[in-house]
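Here the structure comes first, spelled out in structure tokens, and everything after it is commentary.
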Amino acid sequence: MLTRPRSLPADAILLRLQVDGPDWTMELPSVPDGAEVTVTLGHPDLLPVDTRPARDRGYRIVGAASEQRPLGSVADLLVSGELRQAAPAWWDAVLRRATRAFDLRLGPVQQVLDAELALHAAALEG
């Protein structure tokens with residue numbers, strides 16, 4: 001059985017959102033109170049030319065799926081339980097946009113999303 005990397009919060013949820021083009025972050029509400037959400041993208045074409053607007057809104061892009069194994073036009077946001085509790089209105093807004101929510105306490109989720117979770121974990125460790 002896989003074990004969650006230490007740097008991922010035990011109560012984290014990975015939200016999968018459908019996105020279009022590199023300006024997708026402008027359609028999301030800003031992460032409140034100076035918090036930061038790590039993000040992986042389903043395809044390298046979704047990487048913005050300039051990541052500053054995403055960072056200014058609290059979204060830190062930490063990687064993308066390879067062109068050989070793309071996930072599609074999606075962004076995966078790693079959201080801790082602490083942030084969900086501290087910012088319920090923000091959480092509700094992004095949850096309504098999500099097409100899927102993956103609970104990282106579930107072993108199959110960890111196994112299937114291992115590559116994406118490793119990118120989030122490396123960012124949180126660094």
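Contact of the Leu15 side chain with the Val94 side chain is registered, since non-hydrogen atoms from C-beta on lie closer than 4.5 Å. Between Arg97 and Gln18 the shortest side-chain heavy-atom distance does not fall below 4.5 Å. With a 4.5 Å cut-off on side-chain heavy atoms, Leu28 and Leu17 count as touching. Between Leu41 and Val39, some side-chain heavy-atom pair lies under the 4.5 Å cut-off.
Pro32 and Ala87 make their closest contact through CG-CB, 3.2 Å (heavy atoms, listed as atom of the first residue, atom of the second, distance). In terms of heavy atoms, Gly58 sits closest to Val31 at O-CG2, 3.5 Å. The nearest pair of heavy atoms linking Ala12 to Leu78 is CB-CD1, 3.8 Å.
Within the model, atoms CG of Leu46 and CH2 of Trp24 stand 8.5 Å from one another, a figure rounded to the nearest 0.5 Å. Distance check: Asp50 CG to Asp56 CG gives 8.5 Å after rounding to the nearest 0.5 Å. In this structure, Asp76 CG and Phe102 CZ are separated by 6.5 Å, a value rounded to the nearest 0.5 Å. The CD1 atom of Ile61 sits 6.0 Å away from the OG1 atom of Thr51 when rounded to the nearest 0.5 Å. In this structure, NE2 on His43 lies 8.0 Å from OG on Ser73, to the nearest 0.5 angstrom. Taken to the nearest 0.5 Å, the CH2 atom of Trp90 stands 10.5 Å off from the OG atom of Ser30.
Here the side chain of Ser80 pairs a donor or acceptor atom with the backbone of Leu83 at under 3.5 angstrom. At distances below 3.5 Å, not a single donor-acceptor pair connects side-chain atoms of Arg100 with backbone N or O atoms of Leu14. A donor-acceptor pair is defined here as one N or O able to donate and one able to accept, closer than 3.5 Å; such a pair exists between the side chain of Arg84 and the backbone of Val79. Remark: side-chain polar atoms of Asp33 are not paired, donor with acceptor, to backbone N or O of Ala35 under 3.5 angstrom. For Thr99 (side chain) and Arg16 (main-chain N/O), a donor-acceptor pair under 3.5 Å exists by modelled atom type.
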**Request:** Could you walk me through whether Val74 and Val19 pass the side-chain contact (heavy atoms from CB on, under 4.5 Å) test, one step at a time?
**Result:** CA-CA 5 Å; Val74 298; Val19 296; 5.5 Å; no

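Salt bridge status for Arg55 with Glu36: absent, with no side-chain N to carboxylate O gap under 4.0 Å.
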